[in-house]
Amino acid sequence: MGILANVFARFVDTDKARVFGIRTDMLERLGLVLGRDRKAQLGVAIVGIVGFMAAFAPILAPHDPMGQDFPVLLEPQFVGAGALGTDSYGRDMLSRLIYGARISLLVGIGAVAVGAIIGMVIGLVAGFFGGLVDDVLMRMIDIFWAFPYLLVAIMLVAIFGQGLWNVIIALGFAYIDDFARIIRGEVLALREEEFTLAARSIGLTSREIMVGEIFPNTIAPLLVMYTVLVARAMIAEATLSFLGLGVRPSTPTWGSLLGQGRGFVTEAWWIGILPGLMIVITVFGINLFGDALRDAFDVRRSEGG
Amino acid sequence: MNSLESEIEPETGTETETAAEPLLKATDLQKYFETETGLTERILGNQQYVKAVDGVDLSIDRQETVGVVGESGCGKTTLGRTLSKLYEPTGGTIEFDGEDITDLSSKELRELRSRIQVIFQDPLSSLNPRKTVGEILGKPLEIHDIATGEAKRERVAELLEEVGLQPSHASRYPHEFSGGQRQRIGIARAISIEPDLIIADEPVSALDVSVQAQIINMMKRLQRKYDLSYVFIAHDLSVVKHISDRVMVMYLGNIVEQGPKDAIFNNPQHPYTRALLSSIPTIDETPEKRRTALQGTPPSPIDPPSGCPFSTRCPEYIGPECSDEHPELETVADKPGSIDAPEDVPTILEEYESPESHHAACHWLERSGDERWSHEAPAIGERGE
């Protein structure tokens with residue numbers, strides 16, 4: 001509990017020079033990158049729009065995404081405000097796409113959060129203590145890594161059953177190794193920095209050094225990794241849903257919409273193509289955003305001395 | 001070694017006599033590091049060790065500055081970190097203020113931290129890039145219950161002024177400062193909890209010369225103000241000469257010569273010390289003066305030479321005794337080898353007489369000076385073993 005409280009204290013730091021543990025000058029640098037880099041601007045715009053769609057889905061959606069309207073099955077143009085047609089049950093595609101953003105983002109962000117939290121703790125402990133602890137933890141991660149992540153996720157969903165939270169947890173497990181590795185690498189380097197010794201020399205304990213001194217230095221690479229993996233998790237969720245292993249089929253997610261559209265490609269192309277396009281555009285945008293974050297936060301590239 | 005111990009150990013260390021006792025005393029201090037070894041090697045017992053500090057005796061008096069010099073890799077940084085208990089010693093004992101600090105519980109260690117502080121070599125690396133200067137300086141005050149809240153802020157401001165910075169700098173990050181300013185912050189952190197001893201590990205090596213002088217003078221001022229003792233680790237002899245009361249010369253994990261600053265600089269006895277001193281560049285170079293240029297690189301501390309550690313590179317190598325027998329530190333005064341040197345031997349002042357506290361570890365001390373100055377050492381490849 002002490003560790004959690006400590007980590008929490010770091011995120012709500014009232015010190016004006018820091019927002020959510022990130023130095024303001026790094027945020028300024030992010031601003032600088034966004035100011036001159038067109039690709040970064042595009043990435044932020046896409047992520048912003050998708051995020052906005054997800055957040056305000058009930059307001060934005062012209063129709064109930066679950067509401068069936070049998071007279072208008074597979075219509076390219078829904079009679080009402082919906083401009084993108086209907087699916088095989090007569091549900092408004094535009095509304096379903098907007099709600100789908102919600103689920104897709106939630107799964108993406110949530111799954112990576114699961115992986116990040118567990119992986120971060122493993123990476124911190126392995127890197128900081130080294131020796132046997134490191135060997136045992138990292139060999140475990142190696143074993144984990146040997147399984148294709150989708151296979152792990154499918155296995156976990158098969159065991160725990162379908163459903164939103166199960167999908168999030170199943171996918172999250174697949175990202176533990178990525179975070180454990182990157183954090184361990186950072187910690188190995190940071191451990192050798194003299195400020196770690198300095199912290200020891202003023203009387204801090206190992207735990208205090210690990211949480212209070214080393215962890216804040218891993219936030220930037222953590223964030224970059226996080227964004228990149230959110231894109232991957234969204235694709236993974238789409239894959240699971242496409243295979244029918246995701247959330248309940250009636251829940252609109254881009255992956256399940258894509259899967260359902262498969263049967264009607266010849267009669268009603270929009271059902272499959274539109275969610276597919278949404279996935280492509282969103283993943284593209286998140287990756288561009290991730291690149292911008294890396295440009296702004298990568299200490300090695302921009303902080304010489 | 002016996003002569004050294006008898007000098008620094010008044011033995012009857014009662015509370016009232018603490019003034020006569022050294023502040024810090026290390027006996028036969030060793031620090032070995034395991035080399036990177038595979039699992040099978042470890043099981044077979046082929047673990048090798050880097051003998052970074054290999055049997056060092058030293059003592060530091062109150063308000064004294066002891067300079068430790070030696071080339072890169074000679075173990076001086078490891079010595080400093082072991083003395084400050086940042087590294088656990090492999091062997092030997094350390095006494096601080098009359099108490100054995102070799103093995104301490106974590107609580108006792110925290111207490112000790114408030115009395116021994118460290119200044120690091122790389123001023124940027126030694127400051128956490130994610131912390132403001134105020135946080136960096138405030139942390140030790142919090143840990144050792146010196147000040148919190150408003151009192152802490154005031155103390156941080158005082159400390160910043162003490163080292164020549166502005167109180168407003170407290171809200172800035174380390175990368176916003178120059179190298180010299182960063183080292184001032186490192187020094188402020190070290191004095192924040194008013195320790196008795198500061199181990200300064202090459203505190204000015206990373207700084208340019210004009211800044212070096214400012215930092216050194218500030219350290220001298222702080223020493224007087226806070227009654228500090230310094231262990232000043234450096235490879236720059238002119239800096240060491242300026243700040244030290246006593247100087248120790250290290251080679252391959254051993255102390256090869258130690259004594260008052262004047263003795264080391266005016267009457268160096270160990271061939272390695274001479275080589276170090278003659279390597280100081282001078283402006284009025286007289287070409288006749290014999291410069292001792294060392295050949296080769298120091299041997300690996302994993303497998304040091306069996307006899308004198310310097311025997312593989314020594315320009316004054318005598319014979320098999322150098323390769324076979326490890327010389328102990330002995331008092332230089334009255335040894336036949338300490339008599340006058342010929343004029344062309346640089347750095348030796350002819351009329352200087354070494355005090356009792358000047359020690360060197362060299363087989364030449366037992367031999368006559370005349371023999372020494374006419375001796376031609378065999379080439380490096382033709383030595384025993």
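Within every chain, numbering begins at 1; the chains are lettered A, B, ... in the order of the sequence lines, protein sequences first and strands thereafter.
Residue contact with chain A, scored on non-hydrogen atoms closer than 4.5 Å, is absent for B:Glu111. Heavy atoms closer than 4.5 Å to chain A are found in the backbone of B:Leu127, but not in its side chain. In this structure, chain A has a heavy atom under 4.5 Å from the side chain of B:Arg81, while its backbone stays farther away. Proximity to chain B involves both the backbone and the side chain of A:Thr205, based on heavy atoms less than 4.5 angstrom apart. Heavy-atom distances place both the backbone and the side chain of A:Leu204 under 4.5 Å from chain B.
The pair B:Asp103-B:Lys85 fails the salt-bridge criterion, with no side-chain N (NZ, NE, NH1 or NH2) lying under 4.0 Å from an Asp/Glu carboxylate O. Contact check on B:Glu202 versus B:Lys76 returns a salt bridge, with a Lys/Arg side-chain nitrogen under 4.0 Å from an Asp/Glu carboxylate oxygen. Taking 4.0 Å as the cut-off between side-chain N and carboxylate O, B:Asp122 and B:Arg182 do not count as a salt-bridged pair. Between A:Arg181 and A:Asp142 a salt bridge is recorded (basic side-chain N to carboxylate O distance below 4.0 Å).
With ring centers used as reference points, A:Tyr149 lies 6.0 Å or more from A:Phe173.
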